[in-house]
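All heavy atoms count here, side chains included; hydrogens, waters and symmetry mates do not. Each ligand, and each atom within it, is numbered from 1 in the order the structure gives. In what follows, residues are counted from 1 in the order of the sequence shown.
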Amino acid sequence: MAVNILCVGDVVGPAGRGVLADRLEGLITERGIDLVVCNAENAAGGSGLTPQMFEKLLHYGVDVVTMGDHVYRKQELIPVLRDSKRIVRPANLLPGAVGRRWTVAETKSGGNRVAVTCLLGQMFMKQNDSPFTAVDAILGEMPSDVVMRVIDFHAEASSEKIAMGWHVDGRASVVFGTHTHIPTADARVLPRGTAYISDVGMTGPYDGVLGRRKDRVLQYMTTSMPARFDVAKGDPRLCGVLATVSAETGRARAIERIEIRGRTDEG
Ligand SMILES: [Fe+2]
Ligand SMILES: [Fe+2]
């Protein structure tokens, strides 16, 4: 039996939430999607996630939310991170960090379980523990009968992401990169059965600079003068990958990029 797992990239601001609200349900039906994993670290005004938005994402059809370097930006999310099994924080933070390092979710139709984790990269980012050491530990902690395993690798450097793909090839079903907000064209199934992409791209407004207003970013970049990097609105797109995974072995059979353009007024 094959399970279709949709992994969605960083939801950015109202434009990202809007395109997800408008398009996710239809996509789930159309493509027979069994589980949706979604990085939502930028959902609230471009940085962080609120409890209300978390609930909305679940309502739209998201099954598990992953986070990134902005995980604690909205402090009101901390109780949700502590209590809900539908959200994970980056696994390689310090041990005192609140939230689950991994979780297990049931597929929409029930009957199949999928483990989900997320990790932060080390290159060009704030110092964290090694994601390679952390992922080895986590894969050992996950129940052995949960063979389908999804990893959101939230990292800046494509080299580190590709290295992670090879590191877990055959031990994870999907490794999907997030954080750069730019989709990459390297989706493939690695030889031992891990579906891999360096970055799925953001689910947000592409008429800007990584989700921020282009006039503001240009003001800063062309004059050195500070500007408020408010979130952009135009050209919202839902970006992710759809991975088809064997429920028996946990090996991926296929991976396909998904990019759905919304209406600008969705932002
Ligand atoms: Fe992000
Ligand atoms: Fe990030």
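For His167, the ring pair (Phe, Tyr, Trp, His ring centres under 6.0 Å) test picks out Phe132, with sequence neighbours left out.
Salt-bridge annotation for Arg237 and Asp235: present, with a side-chain N of the basic residue lying under 4.0 Å from a carboxylate O of the acidic one. A salt bridge between Lys108 and Asp63 is present, with a side-chain N of the basic residue lying under 4.0 Å from a carboxylate O of the acidic one.
Note on Val231: it does not cluster hydrophobically with Val19, by side-chain heavy-atom contacts below 4.5 Å among ILVMFWY residues.
For Arg73 (side chain) and Ser47 (main-chain N/O), no donor-acceptor pair under 3.5 Å exists by modelled atom type.
Listed by chain and number, the protein atoms of type N/O/S under 2.8 Å from the Fe ion (ligand 1) are Asp10 OD2, Glu41 OE2, Asn42 OD1, His181 NE2; waters are omitted.
Residue Phe229 places its CZ atom among more than 12 non-hydrogen atoms of other residues, nucleotides or ligands, all under 6.0 Å distant.
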